[in-house]
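Worksheet: the structure to be examined is printed underneath.
What you see is a predicted model; the values in this text were computed from it and never measured. Residues: numbered from 1 along the sequence shown.
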Amino acid sequence: MDTTSGAGAFQRRTRRVVKPAVTRLWDIEMRGYERLPVDGPALLCPNHISFLDSAFLTFTVPRNISFVGKAEYMDSWKTRFLFPAMGMIPIDRSGGAKSATALDAARGVLERGELFGIFPEGTRSRDGRLHKGRTGAARLAMAIGCPIFPVGIIGTDRIQPPDAKVPKLRKSCSITIGRPIRPERYANRGAEHLAWRSMMDEVMYEIRAMTGQTYVHHYAGEAPAEQTRVATVTDISPIAVVAEPERKLVASVG
């Protein structure tokens with residue numbers, strides 16, 4: 001178990017110095033922060049619409065918080081040392097054992113009684129919609145026995161859109177901490193993977209309620225699954241009707 005990764009003294013000092021500047025340069029409306037525990041482990045699950053999401057959350061929560069971030073940040077000299085020092089745990093998004101290593105480090109952060117942030121969509125939304133949440137946060141919550149706090153972020157995509165290099169100053173955004181979703185509610189609900197899925201679906205529902213985003217039930221970056229519907233009379237060719245008049249036809253909808 002990794003017990004050394006995550007936020008430490010450097011983040012604590014940086015937050016103290018940088019937070020006043022952040023709150024002067026941008027108007028950040030903060031709601032629900034009183035819900036966060038003053039100590040003990042907790043997971044924060046925000047929607048992801050801008051590079052600034054994790055930074056603004058880091059500088060507004062009252063305690064140190066660690067995040068997972070894409071492993072590609074470790075390839076640049078600009079971020080290779082700064083981001084891990086600020087609490088980022090790199091994750092290889094190809095999945096498998098490489099991703100499991102990051103979740104193992106995240107578990108170490110939570111077992112130390114700290115806050116941990118994970119974007120359940122896995123990547124930034126480029127179309128503004130809210131995508132299906134991956135189950136890593138639920139797995140951690142159930143393994144540790146800690147709550148998940150859904151987080152709704154609005155407006156950071158106007159400050160720094162996904163492809164923008166620098167943020168716009170003097171813009172406003174809001175961050176809302178939702179009610180805690182506790183893993184005990186999902187204990188003894190049958191197969192473990194179904195409990196994870198149910199817990200994350202509730203997290204995404206709460207995020208949608210806070211942000212008003214359109215929810216799409218597929219993962220970010222993936223095409224929606226093909227759906228089926230019963231064909232109407234206009235979908236059936238006259239030849240098919242004559243040849244097989246009693247057959248039930250189903251048409252695929254792309």
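Sorted by first and then second residue, the salt bridge (Lys or Arg N to Asp or Glu O under 4.0 Å) pairs involving residues 197-220 (not counting sequence neighbours) are R179-E202, R179-E206, R185-E202, R197-D201. Here salt bridge (Lys or Arg N to Asp or Glu O under 4.0 Å) pairs that include residues 151-171, with residues two or more places apart or in two chains, are R126-D163. Judged as a ring pair (Phe, Tyr, Trp, His ring centres under 6.0 Å), not a single pair has a partner in residues 143-201 (not counting sequence neighbours). Under the ring pair (Phe, Tyr, Trp, His ring centres under 6.0 Å) criterion, the residue pairs touching residues 123-143 are H131-H218, with sequence neighbours excluded.
Checked against side-chain contact (heavy atoms from CB on, under 4.5 Å), A21 has no partners two or more places apart in sequence or in another chain. R134 is linked by a salt bridge (Lys or Arg N to Asp or Glu O under 4.0 Å) to E222, counting only residues two or more places apart in sequence or in another chain. Remark: D75 engages E72 in a side-chain contact (heavy atoms from CB on, under 4.5 Å) (not counting sequence neighbours). Partners of R16 according to the side-chain contact (heavy atoms from CB on, under 4.5 Å) rule, which considers only residues two or more places apart in sequence or in another chain, are R12, R13. Take M30 and apply the side-chain contact (heavy atoms from CB on, under 4.5 Å) test, not counting sequence neighbours, and it matches I28, Y33, T60. Applying the salt bridge (Lys or Arg N to Asp or Glu O under 4.0 Å) criterion to R31, with sequence neighbours excluded, gives E29. Here E184 pairs with nothing under the salt bridge (Lys or Arg N to Asp or Glu O under 4.0 Å) rule; sequence neighbours left out.
By the criterion of side-chain heavy atoms lying less than 4.5 angstrom apart, applied directly or through intervening Ile, Leu, Val, Met, Phe, Trp or Tyr residues, L169 is grouped together with I159 in one hydrophobic cluster. Clustering ILVMFWY residues whenever any of their side-chain heavy atoms sit less than 4.5 angstrom apart, transitively, puts V61 in a cluster other than the one holding V203. Following chains of ILVMFWY side-chain contacts shorter than 4.5 Å, one cannot reach L103 starting from F83, and the two form parts of different hydrophobic clusters. Hydrophobic clustering of Ile, Leu, Val, Met, Phe, Trp and Tyr side chains at less than 4.5 Å, counting indirect connections, unites V22 with L25. By the criterion of side-chain heavy atoms lying less than 4.5 angstrom apart, applied directly or through intervening Ile, Leu, Val, Met, Phe, Trp or Tyr residues, F59 is grouped together with L36 in one hydrophobic cluster.
Atom SG in C146 sits 9.5 Å away from atom CG in L115 (nearest 0.5 Å). In this structure, the separation between CG on L82 and OH on Y73 is 11.5 Å, given to the nearest 0.5 Å. The OG1 atom of T135 sits 10.0 Å away from atom CD of E192, with the distance rounded to the nearest 0.5 Å.
Nearest heavy-atom pair across A137 and I118 is CB-CG2, 3.6 Å. Contact detail for I89 and A106: the closest heavy-atom pair is CD1-N, 4.0 Å. Across P41 and I144, no two heavy atoms sit closer than the pair CG-CG2, 4.2 Å. Across every non-hydrogen atom of V109 and S5, the tightest pair is CG2-O, 3.5 Å. Minimum interatomic distance between M200 and P120 (heavy atoms only, all atoms of both residues): CE-CB, 3.6 Å. Contact record, R107 with A143: NH1-CB, 3.8 Å, taken as the closest heavy-atom pair.
Side-chain N or O atoms of R15 include one that pairs as donor or acceptor with a backbone N or O of T58 at under 3.5 Å. Formation of a donor-acceptor pair under 3.5 Å by the Q11 side chain with backbone atoms of I65 is found in this model.
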Go through the steps to decide whether E114 and N64 satisfy the test side-chain contact (heavy atoms from CB on, under 4.5 Å), and finish with yes or no. CA-CA 7 Å; E114 300 173 8; N64 270 11; 5.5 Å; no

Walk me through it: do M88 and M74 pass the test side-chain contact (heavy atoms from CB on, under 4.5 Å)? CA-CA 10 Å; M88 188 200 84; M74 303 303 290; 3.9 Å; yes

Without placing hydrogens or testing angles, list every side-chain donor-acceptor pair under 3.5 Å for residues 43-57, not counting sequence neighbours.
unit_1	atom_1	unit_2	atom_2	d
N47	OD1	I153	N	2.7
N47	ND2	I153	O	2.9
N47	ND2	Q213	OE1	3.1
H48	ND1	S50	O	3.4
H48	ND1	D53	OD2	2.9
S50	OG	L52	N	3.2
S50	OG	T156	O	3.3
S50	OG	Q160	O	2.7
D53	OD1	T156	OG1	2.6
D53	OD2	I49	N	2.7
D53	OD2	S50	N	2.9

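Remark: K132 qualifies as a cation-pi partner of Y219 under the 6.0 Å distance and 45° angle criteria applied to the six-membered ring.
None of R182, R139, M142 except one satisfies the side-chain contact (heavy atoms from CB on, under 4.5 Å) rule with M199; the exception is M142.
Counting heavy atoms from C-beta on, the side chains of L194 and R189 never come closer than 4.5 Å.
You'll find the ring centres of F119 and F67 inside the 6.0 Å limit.
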